[in-house]
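Both counts, for ligands and for their atoms, begin at 1 and track the order of listing. No experiment lies behind these values; they were computed from the predicted model shown.
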Amino acid sequence: MAINIQAYAKIKSIVLQNNATLVAVSKTKPIEDIQALYDLGQRDFGENYVQELTDKFEALPKDIRWHFIGHLQSNKVKYIAPFVQLIHGVDSEKLLLEINKQGAKNNRIIDCLLQVHIAKEETKFGFNEMELAELVSKMNTINLTNISIRGLMGMASFSEDKELVKNEFNGLQKIFKSISFSSFDTHPSLSAFNLLSMGMSGDYELALQEGSNMVRIGSLLFGERQYPVK
Ligand SMILES: *Cc1c(COP(=O)(O)O)cnc(C)c1O
């Protein structure tokens, strides 16, 4: 168990050159590894499981910005609502409404990204382009005073085919741009829509080329994960 300091330096510099944010994905990894990366200056960390995230939040320095990047169930929003920095994988209106409710309870505005399904694989969660357009168009009619929709998140196909992955990222970037332009100023909860979270260990450089400004990287920094998790 050790972090890869050289990989961190390299990724950090590429990410900086692209004016992007690096989210270090620490799911399944021990507190000590997160602390080690923290000691090198990393502050944004991503987790996929609610219980694991709340445990780590308790144990680690309070200036860490915790990103929830997994599939979030509505009934678990309350556990992370008091402190979460950004929820990446919002994929239903029901979940949006619950996050809004928990934001209100905690007297804060919770930043979210809408997850868009861009991969070929059936298993990946997210809105398709039409569902997304529908949601955006009716935004005025839903009460979202305690949510700020900061942008979009997507995962490309898990594939060696670089052209395919590149096209999927490019497609997401186009959707991102069209929403930024069309909705700016019209919906309060979309007024800070400027984050495009795409790119992981295997494809982050392609994602940055296609306009990503937030990458989520785990295994390159922390080593391969061992499954099952718990
Ligand atoms: C696990 C995970 C990552 C990081 O994956 P790596 O390939 O280890 O970099 C990024 N995004 C999401 C949504 C994940 O679940």
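Within a 6.0 Å sphere centred on CG of N107, heavy atoms belonging to other residues, nucleotides or ligands number 12 at most. Within 6.0 Å of atom NZ in K62, more than 12 heavy atoms from other residues, nucleotides or ligands are found, so the atom counts as buried in its surroundings.
Taking a cut-off of under 4.0 Å to the non-hydrogen atoms of M153, the atoms of ligand 1 that pass are 13 (C). With ligand atoms numbered from 1 in the order given, ligand 1 contributes 6 (P), 7 (O), 8 (O), 9 (O) to contacts under 4.0 Å with heavy atoms of S201. Which parts of ligand 1 touch R216 is read off a 4.0 Å heavy-atom cut-off, strictly below it: atoms 4 (C), 9 (O), 10 (C), 11 (N), 12 (C), 13 (C). Near I217, meaning under 4.0 Å from one of its heavy atoms, ligand 1 places the atoms 9 (O). Residue contact check: K27 has heavy atoms under 4.0 Å from atoms 1 (C), 2 (C), 3 (C), 14 (C), 15 (O) of ligand 1. For ligand 1, the atoms lying closer than 4.0 Å to a non-hydrogen atom of N48 are 14 (C), 15 (O).
By the criterion of a heavy-atom distance under 4.0 Å, neither the backbone nor the side chain of M198 is placed next to ligand 1. Residue H88 does not touch ligand 1, judged by heavy-atom distances below 4.0 Å.
Ring geometry, F125 versus H71: the interplanar angle falls under 30°, so the pair is classed parallel (tilted spans 30 to 60°).
At a cut-off of 3.5 Å, with distance as the only test, no side-chain donor of E205 or Q209 sits close to an acceptor on the other residue.
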Problem set entry | Test log, rule ring-ring contact (aromatic ring centres under 6.0 Å, His included), inputs Y38 and F45 | CA-CA 9 Å; Y38 176 93; F45 289 90; 7.3 Å; no

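Residues I34 and L37 form no side-chain contact, since every pair of their non-hydrogen atoms from C-beta on lies 4.5 Å or further apart.
Within the 3.5 Å criterion, the main-chain N or O of V25 finds no donor-acceptor partner in the side chain of K27.
Proximity of R225 to ligand 1 is established by a heavy-atom distance of less than 4.0 Å.
Note: an N/O pair closer than 3.5 Å links G218 and ligand 1 by distance alone.
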